[in-house]
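Encoded as structure tokens, the structure appears first; notes follow it.
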Amino acid sequence: DRFFAGTSKTRERLGLVDEMIAMWKLEDYEESLEELEEVLISADFGPKTALKIVDRIRDGVKTGKVKSGDDIRVALKAAIVELLTARGRSSELKLQGRPAAVLIVGVNGAGKTTTVGKIAYKFGKEGAKVFLIPGDTFRAAANEQLAEWSRRAGAEIGTFREGARPQAVIAQNLDALRQRSGKDAADTFDLVLVDTAGRLHTAYKLMEELALCRAAVSNALPGQPDETLLVLDGTTGLNMLNQAKEFNEAVRLSGLILTKLDGTARGGAVVSVVDQLGLPVKFIGVGETAEDLQPFDAESFAEALFP
Ligand code: GDP
């Protein structure tokens, strides 16, 4: 399946970069650069992004900035940081509405519900009043999981209806919120987090349905969602790019969250997603507990790729 196949090869392949750097010879750098490009492609960066990275290193060699293997390593990291931060991409969430709304999408198992919980916890800790909408109506367990997170995060959770259409559940909850906040200022929330379904066996319908979920948010809260974030499993290979393209077409993403970076995954493919879709990474997930969400930092990410 175009979504599931291919786990990340970033980590094992990047070992080859080390070998290449050790053998780096300035005299025949063109050949070495070609090899480097191959390795980057096989390490999930994809052809277009690998080419860009290598072009930047080649510029460095030509201008005399890159001479040694160590310089290559530095140039490689710098090129990746540059791609990850190009055009002022920032990991800050842009939350302007009151309530602000964030729609969270992604395939089953990517870590959506966990991430919604972690974000609720983070904002709750900062004093925000957070409301969770259980839009994954196809998995009863998703609701229990989210309810557990709401307790942990001190957030309120909306009404769940198993098997109902997700967009209907979202609309109903937002409507109820609006009526409440009209009556009592204490019922005004700062942030609404919308969890969604991610069943894949019907990928096409899923995308249609997610577009309707987004529309349900904008209908109830004009100008919202402030952010539409795609949760990506960091252990996925370059298929991440296919996922991101499809979700982006369906719901117009504003950013990415990369999960499961606490394991062996290095998530090289995300560089390609950022580069080709122009979307910033907002957070990374580094474990299963509430505290295991970190703002994305391009420098540390590049450093982890080439320690
Ligand atoms: P969903 O189907 O996208 O909502 O995915 P879940 O939130 O249910 O997560 C799927 C599994 O991945 C669960 O066992 C989570 O605990 C786990 N998980 C989510 N994020 C992370 C992470 O950053 N690190 C690790 N190690 N596990 C994670």
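Read the numbers this way: they start at 1 and go in the same order the structure lists the ligands and their atoms. Values below: every heavy atom of this structure, side chains too, minus hydrogens, waters and symmetry copies. For clarity, every value in this text was computed on a predicted model and none was experimentally measured.
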**Item:** Euclidean distance, Phe123 CZ relative to Lys118 NZ, rounded to 0.5 Å
**Value:** 14.5 Å
**Asked** How close does the nearest protein non-hydrogen atom get to atom 26 (N) of ligand 1, and which residue and atom is it?
**Response** Asp262 OD2, 2.7 Å
**Gln243 versus Thr236, side-chain donor and acceptor atoms under 3.5 Å** = no
**Asked** Quick check: does Gly111 get an N/O under 3.5 Å from an N/O on ligand 1?
**Response** yes
**Request:** Working to the nearest 0.5 Å, report the span between CZ of Arg165 and OG1 of Thr137.
**Result:** 10.0 Å
**Asked** Considering only heavy atoms from C-beta outward, does the side chain of Arg178 approach that of Asp175 to under 4.5 Å?
**Response** yes
**Request:** For atom 23 (O) of ligand 1, state which one of Lys260, Gln145, Gln294 supplies the nearest heavy atom.
**Result:** Lys260
**Message:** Please check if the number of heavy atoms outside Glu299 that lie under 6.0 Å from its CD is greater than 12.
**Reply:** no
**Asked** Does Asp292 have a non-hydrogen atom less than 4.0 Å from ligand 1?
**Response** no
**Prompt:** Which is it for Thr115 and ligand 1 at heavy atoms under 4.0 Å: side chain, backbone, both or neither?
**Reply:** neither
**Prompt:** What is the closest protein heavy atom to atom 22 (C) of ligand 1, and at what distance does it sit?
**Reply:** Gly287 O, 3.1 Å
**Asked** Nearest non-hydrogen atom to atom 20 (N) of ligand 1 belongs to which of Lys118, Lys112, Glu288?
**Response** Lys118
**ligand 1 contacted by Gly198 (non-hydrogen, < 4.0 Å)** = no
**Fill in**
ligand 1 to Val286, heavy atom cutoff 4.0 Å, flagged ligand atoms 23 (O)
**Request:** If you have a sec, work out which protein heavy atom is nearest atom 2 (O) of ligand 1 and how many Å separate them, to one decimal?
**Result:** Gly109 N, 2.7 Å
**Request:** For Gly285, take its heavy atoms, then give the atoms of ligand 1 lying under 4.0 Å from any of them.
**Result:** 23 (O)
**Request:** Compute whether any side-chain donor of one residue and acceptor of the other, for Asp233 and Thr235, lie under 3.5 angstrom apart.
**Result:** yes
**Complete:** At under 4.0 Å between heavy atoms, what of Leu261 touches ligand 1? The answer is neither
**Asked** Does one side chain, of Asp275 or Ser272, offer a donor that lies under 3.5 Å from an acceptor on the other?
**Response** no
**Complete:** protein heavy-atom neighbour closest to atom 7 (O) of ligand 1 works out as Thr114 OG1, 2.6 Å
**Prompt:** Any sub-3.5 Å donor-acceptor pair from Lys129's side-chain atoms to Leu191's backbone N or O?
**Reply:** no
**Asked** Got Ile80 and Phe306 here, is their nearest side-chain heavy-atom distance under 4.5 Å?
**Response** yes
**Prompt:** Which atoms of ligand 1 have any heavy atom of Val107 under 4.0 Å away?
**Reply:** 3 (O)
